[in-house]
Amino acid sequence: MVKKPLILVTNDDGITAPGIRALIEVMKELGDVVVVAPDSPQSGMGHAITINSMLHLERVYIDNGEQKEFSCSGTPADCVKLAVKEILDRRPDLCVSGINHGSNSSINVIYSGTMSAALEAGIEGIPAIGFSLLDYNYNANFEATKKYVKNIARNALENGIPEQVVLNVNFPNLPEKDIKGVKVCRQARANWEEEFDKRQSPQGKDYYWLTGKFVNLDNGEDTDEWALENGYISVVPVQFDLTAYRAITDLNTWKFND
């Protein structure tokens with residue numbers, strides 16, 4: 001009998017978050033599912049890993065179904081490492097991360113625990129996709145994403161994802177009837193204009209809250225931000241090789257050895 005695809009599911013919002021529960025539901029239609037996800041929210045952790053404290057794994061039973069689920073005390077990247085090295089008996093055919101509560105388009109991909117989990121899977125040679133919905137509400141409605149999540153994941157299983165590439169998929173916060181389709185995009189050039197809200201504790205010690213405004217600096221109509229603003233799902237191929245190849249020739253003109 002042909003084995004079903006093995007699909008690893010993870011996230012950064014925590015194993016009980018509605019986004020990952022929706023993702024598990026869809027992935028069960030495509031293969032055998034193993035879930036390894038943080039036991040508490042880990043948003044904004046980027047590619048952090050745990051090296052100075054113990055990690056804990058616990059088998060959990062949250063929803064009815066044949067999926068195996070484990071909660072992890074570590075970061076999203078820790079979850080993928082532990083899944084591959086300690087839990088799974090074979091390499092997954094696909095790793096999916098999310099569905100994140102909030103955008104991971106443009107520069108947000110750098111900070112994202114959701115995408116870092118997917119990138120960690122990519123580093124391990126596992127085809128991987130990060131999914132995010134532009135709704136930060138914990139009780140966000142993920143129904144409109146499910147058809148597209150299934151289709152994108154099925155295409156990844158059938159066609160493969162290019163080597164050393166991970167897909168960053170973002171959904172506009174729209175009803176399914178208003179989503180215009182899927183666009184393959186580049187990452188928009190944007191940044192956060194950040195400030196710190198400085199306050200003082202009752203004990204007289206200063207403390208800070210990070211605040212900021214997202215600023216899109218890119219007028220291109222081939223970007224993820226343009227797609228999302230215009231009712232499309234954005235799919236951006238990202239890579240974990242951070243070499244700026246275009247700069248090598250210029251840097252080779254520097255007189256390093258004088």
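Using a 4.5 Å heavy-atom cutoff, the side chains of Val166 and Met115 are in contact. You'll find the side chain of Asp13 reaches within 4.5 Å of the side chain of Ser43, heavy atoms only. Between Leu88 and Leu6 there is a side-chain heavy-atom pair separated by less than 4.5 Å. With contacts defined as side-chain heavy-atom distances shorter than 4.5 Å, the pair Phe131/Ile152 qualifies. Within the 4.5 Å cutoff, side-chain heavy atoms of Val149 are placed close to those of Met27. Side chains of Leu228 and Pro172 form a contact here, defined as non-hydrogen atoms less than 4.5 Å apart. Between Asp78 and Thr75 there is a side-chain heavy-atom pair separated by less than 4.5 Å. Under the 4.5 Å side-chain criterion, counting only non-hydrogen atoms from C-beta, Pro76 is not in contact with Ser116.
Under a cut-off of 6.0 angstrom, the local environment of NZ in Lys68 is sparse, with at most 12 non-hydrogen atoms contributed by other residues, nucleotides or ligands. For Gln200, the CD atom is densely surrounded, since the number of other residues' heavy atoms within 6.0 Å is greater than 12. Under a cut-off of 6.0 angstrom, the local environment of CG in Asn219 is sparse, with at most 12 non-hydrogen atoms contributed by other residues, nucleotides or ligands. When the shell of 6.0 Å around CD of Glu176 is examined, it contains more than 12 heavy atoms from other residues, nucleotides or ligands. Within a 6.0 Å radius of CD in Glu194, other residues, nucleotides and ligands contribute more than 12 heavy atoms. Arg246 CZ: 12 or fewer foreign heavy atoms inside a 6.0 Å radius.
Side-chain heavy atoms closer than 4.5 Å link hydrophobic residues (I, L, V, M, F, W, Y) into clusters, and following such links, possibly through other members, connects Val26 to Leu157. The hydrophobic cluster containing Val109 does not contain Ile49, counting ILVMFWY residues as joined when their side-chain heavy atoms lie under 4.5 angstrom apart, directly or transitively. Hydrophobic clustering, with ILVMFWY side chains joined whenever heavy atoms are under 4.5 angstrom apart, keeps Val9 apart from Ile87. Linking ILVMFWY residues whenever their side-chain heavy atoms come closer than 4.5 Å, directly or via other members, leaves Val238 and Phe171 in distinct clusters. Linking ILVMFWY side-chain heavy atoms closer than 4.5 Å, directly or via other members, places Leu119 and Ile107 in a single hydrophobic cluster.
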Requested in this report: For side-chain contact (heavy atoms from CB on, under 4.5 Å), just list the numbers for Ser103 and Phe214, CA-CA rounded to whole Å, side-chain angles, deciding distance to a tenth of an Å, and then say yes or no.
Outcome: CA-CA 11 Å; Ser103 169; Phe214 181 75; over 6 Å; no
Query raised in the report: When you look at Ile99 and Thr145, which way does the side-chain contact (heavy atoms from CB on, under 4.5 Å) test go after all the steps?
Result: CA-CA 9 Å; Ile99 301 168; Thr145 71; 3.5 Å; yes
**Report entry** Test log, rule side chain to side chain donor-acceptor pair (under 3.5 Å), inputs Ser132 and Asn104
**Finding:** CA-CA 6 Å; Ser132 304; Asn104 279 316; 2.9 Å; yes
Query raised in the report: After noting the C-alpha distance and the side-chain angles of Leu57 and Val36, does the key distance pass the side-chain contact (heavy atoms from CB on, under 4.5 Å) rule?
Result: CA-CA 9 Å; Leu57 273 174; Val36 186; 4.1 Å; yes
Query - Chi angles and distances behind the salt bridge (charged side-chain N to carboxylate O under 4.0 Å, His left out) call for Glu221, Lys183 - result: CA-CA 11 Å; Glu221 296 185 1; Lys183 280 192 176 293; over 6 Å; no
**Report entry** Test side-chain contact (heavy atoms from CB on, under 4.5 Å) applied to Tyr61 and Glu69, step by step
**Finding:** CA-CA 7 Å; Tyr61 302 86; Glu69 299 197 49; over 6 Å; no
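Counting only distance, with no hydrogens or angles, the side chain of Ser71 and the backbone of Asp39 share no donor-acceptor pair below 3.5 Å. Remark: side-chain polar atoms of Glu124 are not paired, donor with acceptor, to backbone N or O of Ile126 under 3.5 angstrom. Checked by atom type and distance alone, the side chain of Asn170 never pairs as donor or acceptor with a backbone atom of Ser234 at under 3.5 Å. Panel note: side chain Ser105, backbone Glu225; no donor-acceptor pair is recorded below 3.5 Å. Panel note: side chain Ser106, backbone Ala188; a donor-acceptor pair is recorded below 3.5 Å. The closest donor-acceptor contact from the side chain of Arg189 to the backbone of Asp218 lies at 3.5 Å or more, if one exists at all. Proximity of a side-chain donor or acceptor of Asn159 to a complementary backbone N or O of Asn155 within less than 3.5 Å is detected. In terms of modelled atom types and a separation under 3.5 Å, the side chain of Asn168 and the main chain of Val236 share no donor-acceptor contact. Using a distance-only test at 3.5 Å, with no hydrogens or angles considered, no donor-acceptor pair links the side chain of Arg199 to the main chain of Trp209.
Below 30°, between 30° and 60°, or above 60°: for Phe142 and His101 the angle between ring planes is above 60°, a perpendicular geometry. Between Trp254 and Phe256, the ring-plane angle classifies as tilted under the 30° and 60° cut-offs. In this pair, Tyr232 and Trp226 present their aromatic rings parallel. The plane angle is below 30°, not in the 30 to 60° band.
To the nearest 0.5 angstrom, Ile62 atom CD1 is 6.0 Å from Thr16 atom OG1. Taken to the nearest 0.5 Å, the CG atom of Asp224 stands 9.5 Å off from the CD atom of Glu229. Separating the NZ atom in Lys255 from the CG atom in Asn252 is a distance of 12.0 Å, to the nearest 0.5 Å. To the nearest 0.5 Å, the span separating SG on Cys185 from CD1 on Ile233 amounts to 10.5 Å. Put simply, CG on Asp93 and CG on Leu8 are 11.0 Å apart, with the number rounded to the nearest 0.5 Å. Here Asp135 contributes atom CG and Tyr138 contributes atom OH; the two are 13.5 Å apart, rounded to the nearest 0.5 Å.
The residues Glu120 and Lys81 are annotated as salt-bridged, a charged nitrogen and a carboxylate oxygen being separated by less than 4.0 angstrom. In summary, Glu25 and Lys28 do not engage in a salt bridge, as defined by a charged side-chain N under 4.0 Å from a carboxylate O.
Residues satisfying the ring-ring contact (aromatic ring centres under 6.0 Å, His included) test with Phe70, not counting sequence neighbours, are none. Applying the salt bridge (Lys or Arg N to Asp or Glu O under 4.0 Å) rule to Asp222 yields the partners Arg186; only residues at least two apart in sequence or on another chain are considered.
Annotation for Cys79 and Pro38: closest pair SG-N, 3.5 Å, computed over non-hydrogen atoms. The nearest pair of heavy atoms linking Ala144 to Pro175 is CB-C, 4.0 Å. Shortest non-hydrogen contact noted between Gly31 and Ile7 is N-CD1, 4.0 Å. Nearest heavy atom pair, residue Ala37 against residue Ile20, reads CB-CD1, 3.7 Å. Among all heavy-atom pairs drawn from Lys146 and Ala22, the shortest one is CE-CB, 4.0 Å. Residues Leu30 and Ala153 approach most closely at CD1-CB, 3.7 Å, considering heavy atoms.
Of the N and O atoms on the side chains of Thr211 and Glu195, not one donor lies less than 3.5 Å from an acceptor on the other residue.
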